[in-house]
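Here, residue 1 is the first one in the sequence, and each next residue gets the next number. Being a predicted model, the structure only gives us computed values, none of them experimental. In what follows, every heavy atom counts, from backbone to side chain, and hydrogens, waters and symmetry copies are set aside.
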Amino acid sequence: MEEYRKLRAQHDFLELCNRSDLAAQLTVTPVQRLGVDAAILFADILPLLEAMGVWLEYTKDDGPVIHHQASSRTNVEQLIEFDPQEALPFVFDAVRTACAALNGKVPLIGFAGAPFTLASYLIEGGSSRNDLKTKKLIYSNPGAWRGLMERLCPLISQYLNAQIAAGAEAVQLFDSWAGCVSPEDYERFGRPHTR
């Protein structure tokens with residue numbers, strides 16, 4: 001959309017996501033201009049990882065790049081634990097601002113990255129076609145993999161619940177990279193053990 005291109009020429013992608021006023025504007029604009037039947041929160045799935053203490057950067061040609069990858073149990077244990085409402089207030093401010101602007105005309109849909117997809121970005125350092133580093137960690141260090149899932153799963157749940165509390169009427173999970181492992185392996189390694 002022209003409105004997005006104009007804002008994108010003035011702000012980098014992370015700034016658009018991290019500024020609640022701009023994110024809300026980009027959430028509401030398609031509803032106003034196109035008359036669609038729902039608004040989808042303008043956000044990205046990776047700020048959760050940035051709040052865990054990794055350096056996230058969006059490069060012009062390569063997309064997201066994670067500069068501190070989690071490739072061992074030690075790396076996983078060094079990830080910061082946090083409350084999404086405290087660490088990412090701009091997301092929930094964007095939800096509230098967009099809901100106010102929508103004024104009940106259409107529902108707002110929030111979202112998050114699913115545990116496997118976020119883990120893949122964190123381990124690979126960005127997008128990957130084959131997820132070799134992720135598979136290596138899953139098969140060679142299942143303890144580290146489980147530890148990562150035990151950190152990501154509750155965090156994602158809290159993040160989605162906070163979006164609902166802020167006004168989102170529905171939320172969805174994006175598991176873009178889960179197809180790289182078989183269903184049997186995902187069942188075996190994808191679910192965290194409860195303590």
Say whether, by atom type as modelled, one donor and one acceptor occur between the side chain of [X] and the main chain of [Y] under 3.5 angstrom.
X    : Y    : result
R151 : E77  : yes
T97  : D21  : no
S157 : C153 : no
N75  : S71  : yes

List in chain and number order the residues that pass side-chain contact (heavy atoms from CB on, under 4.5 Å) with [X], two or more places apart in sequence or in another chain; answer none if no residue qualifies.
X    : answer
D83  : Q85, E86
N130 : S128, L132
H11  : L7, E15, L16, R19, L22
T134 : F116, S120, I123, E124, D131, I138, W145

Closest heavy-atom contact between P154 and M149? CD-O, 4.1 Å

For the residue pair S72 and A144, what are the closest heavy atoms and their distance? C-CB, 4.0 Å

Point-to-point distance, once rounded to the nearest 0.5 Å, from [atom1] of [X] to [atom2] of [Y]:
X    : Y    : atom1 : atom2 : value
Q158 : F82  : CD    : CZ    : 8.5 Å
I109 : L41  : CD1   : CG    : 10.5 Å
L160 : L173 : CG    : CG    : 5.5 Å
Q25  : T29  : CD    : OG1   : 5.0 Å
L79  : L148 : CG    : CG    : 6.5 Å

Using a 3.5 Å cut-off and no angle test, enumerate the donor-acceptor pairs between side-chain atoms of residues 163-170 and protein atoms at least two apart in sequence or in another chain.
| from | atom 1 | to | atom 2 | distance (Å) |
| --- | --- | --- | --- | --- |
| Q163 | OE1 | F111 | N | 3.0 |
| Q163 | NE2 | F111 | O | 2.9 |

Is there a side-chain contact (heavy atoms from CB on, under 4.5 Å) between T117 and F174 once you walk through the steps? CA-CA 8 Å; T117 291; F174 288 103; 5.9 Å; no

Given V54, which partner from the list H68, Q78, H67 fulfils the side-chain contact (heavy atoms from CB on, under 4.5 Å) test?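 Going through H68, Q78, H67 one by one, the side-chain contact (heavy atoms from CB on, under 4.5 Å) with V54 is satisfied by H68 alone.
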
Exercise answer: donor-acceptor pairs, residues 43-50 side-chain atoms, under 3.5 Å, sequence neighbours excluded:
| from | atom 1 | to | atom 2 | distance (Å) |
| --- | --- | --- | --- | --- |
| D44 | OD1 | Y58 | OH | 3.4 |
| D44 | OD2 | L46 | N | 3.2 |
| D44 | OD2 | Y58 | OH | 2.1 |

With hydrophobic residues grouped by side-chain heavy-atom distances under 4.5 Å, do L34 and L26 end up in a single group? yes

Look at the aromatic rings of F42 and F13 and report parallel, tilted or perpendicular, splitting at 30° and 60°. perpendicular

Salt bridge or not between E2 and K6? Use side-chain N to carboxylate O under 4.0 Å. yes

